[in-house]
Amino acid sequence: MWRKVANWYRGWEEEQIAVLERPELAPGAAQGYRRAIYCKMAERSPLERQQMRDFCVALKGWRGWLWTAALLAVYTLCGVALHLQSPGFGWAKAIVSANMCGIAVTFALVGAWFNYRQFSRKKLKLLVAVLGFAVFAAVTSTGLSMWLEGQPLAHALERVSNFLRGVLVGSLAILELVLIISILRNRHYEAMNAQLQREAEQARLARELSESQLRLLRAQIEPHFLFNTLGAVQQLAQHGAPRAAELTGNLIDFLRSSLRDMRSEQVSLAAEFGLVESYLKVMQVRLGERLRFSLQLPRALEELRLPSMILLTLVENAIKHGIEPALRGGEVTVSAQALDGAVRIRVQDGGVGMSAIAAPEGSGGTGLDNVRHRLRLAYGEAAGLHLRDGEPGLIADVTIPHAQA
Amino acid sequence: MTMNPSVLVAEDEPLMRERLLEMLAQSWPEARVVLVAENGNDAWDGFLEHEPDVAFLDIRMPGLSGLEVAERIGAMAHVVFVTAYDQYAVDAFDAGAVDYLLKPVQMDRLERAVARLKAKLVQPPADGAAMGELLRHLKSALPGVRQERTRWIKASVGRQVRVIDVDEVLFFQSDTRYTRIVLRDYEALVRTPLKDLLSTLDPDRFWQIHRATVVNVNAIAAAERIDAERMQVLVKGSDEKLAVSRTFVHLFRE
């Protein structure tokens, strides 16, 4: 019999810890009250589950029993002290009531320790529950003891009110303790939660930055870009064409400035235009008369800082999805213009236009998503990327906030 | 097979094109380059005109991709793809149905491809079915090699501009620099050459039956034999009879 109970208890403990660790197990538990409890536990936040799990692990097996025994011993000692203090209480009565009070307080405190979020949210409800419980306890226990002692009901009202006063004072004191604990714990919880969220956000930002760096690296060693460019260099060099040296020079410029971009989060507009120019020069040698381009950067905007790689991504898109697929090529125009409180950077291509960008397949979309995302990180809602039909081709406008000097 | 095989080269970047032609002249002096195309549409149109024995096709080109041109060529010629897609992406070629060259093309690799072509030219081109399978696989595996399909064509009819739903077109016919679009109730002329319109049509629903004619499959009433080699197509809702060239007669074999 004892072994059976012990086994049941151990199984229950292990199941509970398992559910706290992996809440998705909860619906798989055997039908009944246990499953209901597990499902409730699974709804808690990960932080709360972690705290409960630590508690369960700390009290697993014999340690739980040891603590229970220790607490009961303390309560019993309190009962003994109570009896010695006021001999009106019999031995049994003092010890039993001390234990009952102690267990009730322990449950209340443990409950507050783990249900702080609910408790601190539903203070009023809790107060009503405690008052109701006090009245109920007073009435039933008075009735019970009077019936046992065979006293007439005439004294009932007096005794109930006496008892009620005692129970009320006691339970309100406990309630106060419970609320203080829950509120403090809740504050702690919220601070920890905010801290965790901050850390997660920081990790996300770091990951996104390295993702866009990786993207740029991949764009450089993208086989179509690198091998076609090297092929062009090889072909020009074979004939000793002076353009070979020029093309190599532009490729070096492009690779060097994109490495610099990769290391810094913000760069000047002049540096971005330089990067884009070396890229376009490389592409022009490769595509011949199919690509024409022009760059317009007003001197006043040269020092404007903006997130790196945004402009290059737009120009790469213009080449890849606008000019390269167009039978007769087209012109790429990159310009910056100061507007009222903002700067608009425009990449316009005379290529195939909207339909290719709207196509879900290929890598076109991800580059633009990345641009939008980095703009949002840097400027919030104040910046934006807008695409529209250029008839022919596509116009991509990036607007970033800029206070006039 | 002739001693001087005819060759088509399709490559959109001028320097790479120049390079391939020079290297080809060195490694295969007896080959005649009959057509140099700068995009997929010209490559296919030129193929129909010259019917070369070998086609060197860049995979990523404006208009039809090299894969789409190869699909149309089928078993009519030996295809060698020229591509900058990395080794991993083109592993599928190693199945052997077609050869491929990685860009930038290196001399020793081209010489090997030419040697293989010389051996293959003695026999008819590879089995079309195996190649079709390979091309379908590559088209889904390689990004950016599928030509966008068009649904609407803008055409002027008299003083109006009509927006024509391609599904309602009975057939397209090349008319020097224009394309004639024939519908049930009227016809229109557009400035776009047929070879460029063709590349934006779904090849399963619009069959090319001649270098100058593309017909909507739903509009075909019947195909009739004129003699051993020639056929013509009767179109629902039109009394014109459209000639089927020898290249496309296979479309109507049972």
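Quick note on labels: first sequence line is chain A, next is B, and so on, each numbered from 1. The structure displayed is predicted, hence computed values, not measured ones.
For Pro104(B) against Leu230(A), the heavy-atom pair with the smallest separation is CG-C, 4.4 Å. Across every non-hydrogen atom of Arg19(B) and Gly231(A), the tightest pair is CD-O, 4.0 Å. Pairing each heavy atom of Met16(B) with each of Phe227(A), the nearest pair is CE-O, 4.4 Å.
In Arg256(A), the CZ atom is not crowded: 12 or fewer heavy atoms of neighbouring residues, nucleotides or ligands sit closer than 6.0 Å. Atom CD of Glu30(B) has more than 12 neighbouring heavy atoms from other residues, nucleotides or ligands inside a 6.0 Å radius. By the 6.0 Å contact criterion, CD on Gln284(A) is enclosed, its count of non-hydrogen atoms from other residues, nucleotides or ligands being greater than 12.
Both the backbone and the side chain of Ala232(A) come within less than 4.5 Å of a heavy atom of chain B. Proximity to chain B (any heavy atom under 4.5 Å) is shown, for Glu289(A), by neither the backbone nor the side chain. Residue contact with chain A, scored on non-hydrogen atoms closer than 4.5 Å, involves the backbone and the side chain of Asp12(B) alike.
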- Query: Given Glu22(B) and Gln238(A), is the side chain to side chain donor-acceptor pair (under 3.5 Å) satisfied, shown in steps?
  - Reply: CA-CA 11 Å; Glu22(B) 283 177 17; Gln238(A) 208 143 24; over 6 Å; no
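The line from CD of Glu13(B) to CG of Asn228(A) is 4.5 Å long, rounded to the nearest 0.5 Å. Interatomic distance, CG of Asn41(B) versus CG of Leu327(A), reported as 5.0 Å (0.5 Å rounding). A distance of 8.0 Å separates CG of Leu247(A) from CG of Leu15(B), quoted to the nearest 0.5 Å.
Contact of the Arg328(A) side chain with the Asp196(B) side chain is registered, since non-hydrogen atoms from C-beta on lie closer than 4.5 Å.
With chain B as the partner, the residue from Glu324(A), Gln234(A), His239(A) showing the most heavy-atom pairs under 4.5 Å is Gln234(A).
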